[in-house]
K.L.:
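Got a structure for you, questions after.
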Amino acid sequence: MSSGADRLAEVTGHIAEAARASGRSPSDVTLVAVSKTHGADRVRELLEVGHRVFGENRVQEAEGKFPELKAACPDLELHLIGPLQTNKARDAVALFDVIQSVDRDRLAAALAKEMERLGRRPACYIQVNTGEEPQKAGILPKDVDAFVALCRDQYKLPVVGLMCIPPVDEEPALHFALLAKMAARNGLAKLSMGMSADYETAVRMGATHVRVGSALFGNRPPLQPPQPKADA
Ligand SMILES: *Cc1c(COP(=O)(O)O)cnc(C)c1O
């Protein structure tokens, strides 16, 4: 089995190729290494070869792993990519550097309050449910412009971009194109899209951040607890 460092080099190479093929610079794309379900040792392996950006989808799991890693490596950048419950907003603001899953009014309000209280302002992405899937978190495409405005104007959140997770059984490129269009018309520069199966497509469609787990760390244990939508 190849090492974490080998896989990192491989994925980074594919990102660079996809970027160049679409007239972009590889340095315009950030690889978020999604370490959920994997231990701190696997994260350290990538830190040792210079990787700094990681993603986790659960606050509690990240709290068990990352405070120590961040203390040892202050320029580590940690992204929350999973659903966030309002009652975890404070913990999320305290630990994460980027929150990619802002998806409803109550959460935006809670994040604004905790940022004020803690004096910490993680960059925010609005998660968009591009496939309009009932079981999936995210703002519906028709509501995105108004929600971005609400987050910026009323809550003064540092909104930098949009994030999506396309339906598993659909052509991801269509969803990536839709997300890019919505970001552009809202003046948002960052696009978090693309996972292990489709990150090269996402880069060709303009992703600035790809979230890659299994292609870097191997398959996760099959029996993960379900990930319900966060509280409404
Ligand atoms: C787990 C996860 C990923 C990474 O998925 P892989 O297919 O393992 O690359 C990306 N984004 C989100 C939101 C995730 O929960």
Side-chain angles (χ1 to χ4, degrees), residues 1-2 4 6-15 18 29-39 42-43 45-46 51 53-66 77-85 88 92 95-104 107 122-131 133 135-139 160-173 175-176 179 183 190-205 207-230:
M1 204 173 79
S2 55
D6 290 342
R7 287 193 245 202
L8 176 68
E10 198 176 306
V11 171
T12 306
H14 289 157
I15 291 171
V29 185
T30 300
L31 170 61
V32 181
V34 178
S35 50
K36 65 188 186 196
T37 77
H38 298 290
R42 306 293 304 280
V43 174
E45 208 184 326
L46 298 194
H51 192 76
V53 187
F54 294 87
E56 285 281 335
N57 70 333
R58 287 162 182 267
V59 176
Q60 216 172 338
E61 184 183 343
E63 281 176 326
K65 245 187 269 188
F66 276 90
E77 182 179 295
L78 185 60
H79 292 235
L80 177 64
I81 60 170
L84 177 57
Q85 291 175 313
K88 293 264 172 60
L95 178 63
F96 289 89
D97 304 295
V98 180
I99 296 175
Q100 294 201 5
S101 47
V102 181
D103 65 354
R104 61 201 189 280
L107 177 60
C124 293
Y125 288 67
I126 308 302
Q127 183 173 349
V128 183
N129 187 356
T130 56
E133 297 172 279
Q135 81 285 7
K136 202 169 263 176
I139 293 285
V160 299
L162 302 180
M163 181 269 240
C164 77
I165 310 169
V168 286
D169 53 352
E170 287 182 28
E171 175 50 59
H175 295 270
F176 297 156
L179 197 73
K190 307 284 187 193
L191 281 172
S192 172
M193 53 192 200
M195 313 187 359
S196 291
D198 52 21
Y199 67 88
E200 290 160 284
T201 304
V203 169
R204 285 193 291 268
M205 308 298 296
T208 62
H209 290 70
V210 292
R211 310 176 307 267
V212 178
S214 43
L216 288 172
F217 295 105
N219 290 329
R220 290 178 290 272
L223 274 181
Q224 282 186 76
Q227 292 171 30
K229 282 168 87 157

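Position 1 is the first residue of the sequence, and the numbers go up from there. These numbers come from the heavy atoms of this one structure, side chains and all, not from hydrogens, waters or symmetry mates. Just follow the structure's listing: the first ligand is 1, and inside any ligand the first atom is 1.
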K.L.:
Which of the numbered atoms in ligand 1 are below 4.0 angstrom from a heavy atom of S196?
P.N.:
6 (P), 7 (O), 8 (O), 9 (O)

K.L.:
Would E61 and R58 count as a salt bridge (Lys or Arg N to Asp or Glu O under 4.0 Å) here? Give the steps.
P.N.:
CA-CA 5 Å; E61 184 183 343; R58 287 162 182 267; 5.1 Å; no

K.L.:
Go through the steps to decide whether V98 and L78 satisfy the test side chain to side chain contact (heavy atoms under 4.5 Å, CB included), and finish with yes or no.
P.N.:
CA-CA 6 Å; V98 180; L78 185 60; over 6 Å; no

K.L.:
Apply side-chain hydrogen bond (donor to acceptor under 3.5 Å, both in side chains) to S192 and Q100, showing your working.
P.N.:
CA-CA 8 Å; S192 172; Q100 294 201 5; 2.6 Å; yes

K.L.:
Polar contacts were defined as any N/O atom of the residue lying under 3.5 Å from an N/O atom of the ligand; does this apply to G213 and ligand 1?
P.N.:
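N/O-N/O distance below 3.5 Å exists for this pair.
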
K.L.:
To the nearest 0.5 Å, tell me how far C164 SG sits from L179 CG.
P.N.:
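With rounding to 0.5 Å, SG (C164) is 4.5 Å from CG (L179).
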
K.L.:
Hey, what's the ring geometry for Y125 with H209, parallel, tilted or perpendicular (30° and 60° as the breaks)?
P.N.:
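Correct class here is perpendicular.
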
K.L.:
Could you list which atoms of ligand 1 come closer than 4.0 Å to a heavy atom of I165?
P.N.:
13 (C)

K.L.:
Relative to atom 11 (N) of ligand 1, which among H79, R211, R58 owns the nearest non-hydrogen atom?
P.N.:
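Selected option, by shortest heavy-atom distance: R211.
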
K.L.:
Under a 4.0 angstrom heavy-atom cut-off, which atoms of ligand 1 come close to V212?
P.N.:
9 (O)

K.L.:
Has Q100 got any heavy atom lying under 4.0 angstrom from an atom of ligand 1?
P.N.:
no

K.L.:
When rounded to the nearest 0.5 angstrom, what is the spacing between CE in M163 and NE2 in H79?
P.N.:
11.0 Å

K.L.:
Would you tell me which option among Q127, M163, M195 has the nearest heavy-atom contact to atom 10 (C) of ligand 1?
P.N.:
M195

